[in-house]
Amino acid sequence: MDEDYYDIDAILAENHKVQCTFKVTIPDMGHLDGGSERDIKPLTKANVPMWMAYILIYSDYADFNIPPPFSSKVQNALNAEAKSVKLCNLVGQGGVWYAFGQMIMRLLNDVPANEMSELLVKTFRARLPEVIDQAQHFASINTATAGGGSADPSAAFREGLDGTERELFTLAQMAVQSTRKWYSQSDVPK
């Protein structure tokens, strides 16, 4: 993921919320945890967006808990069969699980950050062949049934993919279609 200010995936990932536990009293910010208190007291837990969590954690005002999309339950499911986990259901908002994981990594110390990195890479590597295979499969189905119906048979498969995987899926489909077009044009005698 880019560090680009205008990158939509970065914007979506930074708006995901993480639960922070405050270490100090923060005056006039009680509205952050949705309570009626004027101030945030130590040990108060509140869900704050990632962009705010950076400030709070690096200023040593709060600690954070690993968000549910990266819990041990999810890690166990990914280790058992990464292809069967619908990553987009874990994070919502366009399903940017990998981007959110990268942002969480930046908040962690060395060992947990390395573990998170290994989880993201292992998951991506386990899922990528299936994404490309299905993209090629659905591209050939769409070519064979062109003009038949308007329903997209690949939509159900794409629903469970992360935003990055959906982009790769679309690129792989376009590559198959471009290759098929090139082959068909090169067979024409001149």
Side-chain angles (χ1 to χ4, degrees), residues 1-79 82-83 85-128 131 158-171:
M1 181 183 73
D2 277 289
E3 292 293 321
D4 187 14
Y5 180 79
Y6 297 105
D7 181 29
I8 191 68
D9 290 336
I11 293 168
L12 290 173
E14 282 188 338
N15 281 310
H16 282 289
K17 294 187 176 188
V18 294
Q19 186 180 57
C20 289
T21 304
F22 288 88
K23 297 178 181 180
V24 297
T25 299
I26 301 183
D28 300 323
M29 295 301 281
H31 62 277
L32 286 179
D33 69 347
S36 59
E37 297 290 322
R38 180 180 169 95
D39 301 334
I40 294 179
K41 306 283 186 213
L43 302 179
T44 300
K45 293 183 179 185
N47 289 324
V48 297
M50 282 295 297
W51 60 267
M52 186 182 295
Y54 286 130
I55 297 164
L56 295 171
I57 292 164
Y58 288 131
S59 299
D60 207 31
Y61 293 147
D63 286 326
F64 84 105
N65 300 325
I66 298 292
F70 304 99
S71 68
S72 58
K73 181 179 175 183
V74 172
Q75 289 180 26
N76 290 338
L78 289 169
N79 287 331
K83 294 182 276 189
V85 178
K86 290 190 172 191
L87 296 180
C88 70
N89 291 347
L90 297 175
V91 291
Q93 289 185 350
V96 288
W97 186 80
Y98 293 109
F100 188 38
Q102 286 179 319
M103 293 191 167
I104 295 295
M105 278 179 14
R106 293 187 199 127
L107 296 175
L108 297 171
N109 297 327
D110 292 339
V111 173
N114 288 338
E115 290 172 359
M116 177 73 73
S117 175
E118 288 174 20
L119 173 70
L120 295 171
V121 170
K122 183 180 174 186
T123 301
F124 188 76
R125 285 183 178 162
R127 293 170 60 94
L128 184 62
V131 170
R158 280 196 321 254
E159 282 179 15
L161 300 178
D162 169 80
T164 303
E165 294 170 336
R166 277 193 302 275
E167 286 181 42
L168 291 172
F169 182 90
T170 301
L171 289 172

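Note: hydrogens, waters and symmetry copies are ignored here, and every other heavy atom, side chains too, is used. Just so it is clear, the model here is predicted, and its values are computed rather than measured.
Atoms CG and CD, from Leu120 and Glu118 in turn, are 10.5 Å apart once rounded to the nearest 0.5 Å. The distance from the CZ atom of Phe70 to the CE atom of Met105 is 10.0 Å, given to the nearest 0.5 Å. For the atom pair Arg166 CZ and Glu159 CD, the distance stands at 9.5 Å (nearest 0.5 Å). Rounding to the nearest 0.5 Å gives a distance of 11.5 Å between OG1 of Thr21 and CD1 of Ile40. Going from atom CD of Glu167 over to atom CG of Asp162 covers 9.0 Å, rounded to the nearest 0.5 Å. Annotation: the span from Ile26 atom CD1 to Thr44 atom OG1 amounts to 9.0 Å, rounded to 0.5 Å.
Heavy atoms only, all atoms of each residue included: Met116 and Ile104 are closest at CE-CG2, 3.5 Å. Among all heavy-atom pairs drawn from Leu161 and Cys88, the shortest one is O-CB, 3.4 Å.
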Validation: residues 48-62 side-chain donor-acceptor distances under 3.5 Å, sequence neighbours left out:
residue: Tyr58; atom: OH; partner: Arg106; partner atom: O; Å: 2.4
residue: Ser59; atom: OG; partner: Ile55; partner atom: O; Å: 2.7
residue: Asp60; atom: OD1; partner: Lys23; partner atom: NZ; Å: 2.4

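Taking the side chain as every heavy atom from C-beta outward, Thr25 and Pro42 approach each other to under 4.5 Å. The closest side-chain heavy-atom distance from Phe100 to Leu87 is not below 4.5 Å. In this structure, the side chains of Asp28 and Arg38 come closer than 4.5 Å at one or more pairs of heavy atoms. Side-chain atoms of Leu108 and Phe64, non-hydrogen and from C-beta on, do get closer than 4.5 Å to each other.
Atom CG of Asn76 sits in a crowded spot, with more than 12 heavy atoms from other residues, nucleotides or ligands closer than 6.0 Å.
Ring planes of Tyr98 and Phe124: perpendicular class, angle over 60° (limits at 30 and 60°).
Residues meeting the side chain to side chain donor-acceptor pair (under 3.5 Å) test with Asn65, sequence neighbours left out: Gln19. With sequence neighbours left out, Lys122 forms a side chain to side chain contact (heavy atoms under 4.5 Å, CB included) with Asn79.
A side-chain contact (heavy atoms from CB on, under 4.5 Å) with Trp97 holds for exactly one of Asn89, Leu90, Val85; it is Leu90.
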